[in-house]
Amino acid sequence: MSDDIRAILKEHGRLAVDVAALSDEADLYQAGMTSHASVNVMLALESRFDVEFPDRMLRRGVFESVASIRTALEELAVGR
Amino acid sequence: MKHPLEVGIDLVRLTEIEASLRLFGERFVGRVFTTGETEDCGRHPHLRVARLATRLAAKEATFKVLRPTPRDPLPWSAVEVRLTRGGAPELVLHGNAARLARRRKLTSLALSLSHEGDYATAVVVGLRSSTRGSPS
């Protein structure tokens, strides 16, 4: 799952650094991801993992790191 | 002493909106903009992109005024740009956006939009209610 998340971040996150150089806990916004880019990341994650982020998950903390994204996706998978 | 005004500004590139539309189509529009905003943006291709871009900038500028924490859910549609009868843009806050405004004691928000070439921008000024020790 983390590899897929990183691939999506590489394509859509508009990061200022190579995503491969970031730890799972690294702050993606500090790494250059804008709020608009986070929209594209969210939509790409929804397509890739066949989920929909509910409004309660549309908060900065969900998309701020690879680890937080993975946790959110795992929660959505369990909830199905 | 806290300043009574809060200001937010944002800049959006039209080419990035075009890219989002190309990649995600109406899913992008549906997740970020309300039905009213989509109707206000119309159908003319270039004008629609410019208007969507200014509205996205307005939402981001408003978020900067509202200052949500990483734990505060704040869907993009919770901040809505509507047009007055005279055609001027104004902000309408819904759900958690309205709650955040109350939490920050913001009594009114003023909005201005602009676009030129590949750029769209929005400025939001929030007025906070009187606090103890405000200047005479």
Side-chain angles (χ1 to χ4, degrees), chain A residues 4-16 19 22-76 79, chain B residues 8-34 49 52-80 94-100 118-122 124:
Chain A
D4 288 334
I5 294 170
R6 286 175 180 272
I8 286 169
L9 287 168
K10 182 175 182 177
E11 183 174 359
H12 298 291
R14 302 186 63 83
L15 300 175
V19 68
L22 296 173
S23 71
D24 281 2
E25 289 72 28
D27 188 319
L28 297 172
Y29 296 104
Q30 291 291 326
M33 187 173 73
T34 64
S35 293
H36 182 188
S38 74
V39 177
N40 292 343
V41 166
M42 180 197 73
L43 293 170
L45 290 168
E46 289 183 336
S47 290
R48 171 62 186 83
F49 293 99
D50 193 26
V51 295
E52 182 170 328
F53 288 94
D55 281 357
R56 65 178 173 79
M57 279 189 164
L58 295 183
R59 48 190 171 82
R60 192 178 172 98
V62 167
F63 300 98
E64 70 181 355
S65 70
V66 172
S68 63
I69 291 172
R70 185 176 61 235
T71 298
L73 290 171
E74 288 169 348
E75 180 184 331
L76 289 173
Chain B
I9 185 171
D10 200 66
L11 191 67
V12 173
R13 296 188 68 170
L14 272 63
T15 46
E16 292 188 6
I17 297 294
E18 288 172 338
S20 292
L21 291 170
R22 201 165 46 243
L23 287 166
F24 304 109
E26 291 309 305
R27 282 182 61 219
F28 168 72
V29 176
R31 294 304 293 275
V32 177
F33 303 100
T34 65
V49 169
L52 290 173
T54 57
R55 280 150 179 79
L56 181 59
K59 293 168 190 284
E60 294 299 332
T62 305
F63 292 168
K64 291 174 184 176
V65 171
L66 296 178
R67 298 195 201 174
T69 72
R71 290 179 301 279
D72 288 319
L74 195 53
W76 292 278
S77 57
V79 175
E80 183 178 20
H94 306 286
N96 236 25
R99 277 188 285 276
L100 283 169
D118 191 37
Y119 293 93
T121 189
V124 173

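Note that the structure is a prediction, hence the values are computed from the model and not measured. The chains referred to below are lettered A, B, ... by the order of the sequence lines, with proteins before strands, and numbering in each begins at 1.
Nearest approach of A/Asp55 to B/Pro73, heavy atoms of both residues: O-CB, 3.6 Å. Taking all atoms of both residues into account, the shortest heavy-atom contact from B/Trp76 to A/Ser35 is CZ2-O, 4.4 Å.
Between B/Ser20 and A/Asn40, the closest side-chain pair of non-hydrogen atoms falls below 4.5 Å.
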side-chain contact (heavy atoms from CB on, under 4.5 Å) for A/His36 and B/Ile17? Distances and angles first, verdict last. CA-CA 9 Å; A/His36 182 188; B/Ile17 297 294; 3.8 Å; yes

Between A/Thr34 and B/Glu60, does a side-chain contact (heavy atoms from CB on, under 4.5 Å) hold up when you go through it step by step? CA-CA 10 Å; A/Thr34 64; B/Glu60 294 299 332; over 6 Å; no

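In this structure, chain A has no heavy atom under 4.5 Å from any part of B/Pro68. For B/Glu16, the parts lying under 4.5 angstrom from a heavy atom of chain A are both the backbone and the side chain. With a threshold of 4.5 angstrom between heavy atoms, A/Ser68 does not approach chain B through any atom at all. Using a 4.5 Å cut-off between heavy atoms, A/Ala44 touches chain B through backbone and side chain atoms alike. Neither the backbone nor the side chain of A/Phe63 comes within less than 4.5 Å of any heavy atom of chain B.
Atom CZ of residue A/Arg60 and atom OG1 of residue B/Thr69 lie 10.5 Å apart, to the nearest 0.5 angstrom.
For residues 24-34 of chain B, the interface with chain A (any heavy-atom pair closer than 4.5 Å) comprises B/Phe24, B/Arg27, B/Phe28, B/Arg31, B/Val32, sorted by residue number.
The candidate from A/Glu52, A/Arg56, A/Arg14 with the greatest count of non-hydrogen atom pairs under 4.5 Å with chain B is A/Arg14.
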